[in-house]
Structure formats: C-alpha cells, structure tokens
Amino acid sequence: MPINLSKGQKVDLTKGNPSLKNIMVGLGWDVNAFDSGADFDLDAAAFMIGANGKCPTEKEFVFYGNLEHTSGAVKHMGDNLTGSGDGDDEQILVDLVKIPANVEKVAFTVTIYDSDVRRQNFGQVSNAFIRIVDEATGTELIRYDLGEDFSIETAVVVGELYRHNGEWKFNAIGSGFQGGLAALCAHYGIETA
C-alpha cells in the first residue's frame, strides 16, 4: 500500500528500505473536457540540484531534449505528446546509487509546452499526480495527488528527492510557477535560448 502524501509532507525512501536502488517516477494528468483549439502537451522533467539550489551544468537538466544524465542516474523515458489514457503519462527512471555526490536534490517538474501560444494553464488540468515505484518489485511506494487548483500557473514543481544524512527522502512540493519551462530553468540556474 503506497503512502499518500499531502503538500509539504516528507517521507523516508531508503531508511526503512535499504535495498532500494532503482525507482521509477511516474507523472500523470488529465486534461479537463473542453476544447482550447490546441492539444495539451505536458512535459515532465528532472532538475539535478547541488547544494546552492542550482543545477551544476545544463547536463543536470533531464527532459525531452536531454533524455539521460551522463552518470546514468536519471533517465527520461520519452515525451508523451497528448497525455491521453490512464496511468503514467511520462516516466523518469532514477538509480539512487549513481546520483553524483555533488547532487543533493532531484526536483520533478511538469510544464505545459507552448502554453503562451496555446493559452493554456494548469487550471485546465486535473488529476495530476506523481508516484514513486520500486523498479525491482513494481511496488508503488509513494503517491502524491496534486489536489490544488492552479489557475494561472504554467509550470509546477511536483516533488523532490533529496539526500539527508546519507538517506534519500521525498518531499511533496506542489508549487506553481508562471512563465513555464523558462521560469523553472531560471529558478534552477539553467540558461535558456
């Protein structure tokens, strides 16, 4: 039975489960039933963050344009352009052992592609969630349903893995940003073109 988190809640991942090495982070969402005249393309990403709260280089930003970190620690399983169907819409695999020592957190985010042009925001999205699965057993460990109503935001930091006293924990963040992916990149110290 997974632990269902609420916003701001933190939970140990490896302390009670020392054999946990490989996790799958699944992100999913539904688009509310109305027609904005354009498809919704939501994109999951992972920012690998150092002690200063920023990504050491642009290589630590794993997304549809950079599917795997050079360490092999974080691997994006590919872009889903529509978000239709049940279950995870996008998945990111994480090997906790391979995460470089200079990375203290891995933040998982969802943004709306081309939100300005398409006039879309997270107020038009429902049933968004993040879940963490033990890849070895297929057991869902944690689930966080974003019940919040984001009316104008175009990017959301859903949650983050973080290292604390040699153990990995998960924090349900659920904070929204305006300005889409560019705003998130600026927040984490990544320059965008």
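Everything numeric here is computed off the predicted structure, so don't read it as measured data.
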For this session: Hey, could you give me each pair passing ring pair (Phe, Tyr, Trp, His ring centres under 6.0 Å) that has a residue in residues 41-60? Not counting sequence neighbours.
Result: Phe47-Phe61, Phe47-Tyr188
Residues 167-184, side-chain donor-acceptor partners within the protein, below 3.5 Å, at least two apart:
residue: Glu167; atom: OE1; partner: Thr14; partner atom: OG1; Å: 2.7
residue: Glu167; atom: OE1; partner: Lys15; partner atom: N; Å: 3.3

Could you tell me which residues satisfy side chain to side chain donor-acceptor pair (under 3.5 Å) with [X], sequence neighbours excluded, listed by chain and number?
X     : value
Asn66 : none
Thr57 : Glu60
Asn17 : Ser19

Problem set entry | Residue pairs fulfilling salt bridge (Lys or Arg N to Asp or Glu O under 4.0 Å) with at least one residue in residues 121-132, sequence neighbours excluded | Asp88-Arg131, Arg131-Glu140
For this session: Apply salt bridge (charged side-chain N to carboxylate O under 4.0 Å, His left out) to Glu104 and list each qualifying residue two or more places apart in sequence or on a separate chain.
Result: none
For this session: With sequence neighbours left out, write down each residue that passes side chain to side chain contact (heavy atoms under 4.5 Å, CB included) with Glu68, or none if nothing qualifies.
Result: Lys75
Seminar exercise, completed: For Thr137, the side chain to side chain contact (heavy atoms under 4.5 Å, CB included) test, sequence neighbours excluded, returns Asp134, Thr139
Seminar exercise, completed: Residues joined to Val133 in its hydrophobic cluster, side chain to side chain under 4.5 Å directly or through other members, sorted by chain and number, are Met24, Met77, Leu93
Exercise. Tyr162: what forms a ring-ring contact (aromatic ring centres under 6.0 Å, His included) with it, not counting sequence neighbours?
Worked result: none
Under 3.5 Å, side-chain donor or acceptor atoms of residues 108-115 against the rest of the protein: list the pairs with distances, not counting sequence neighbours.
none

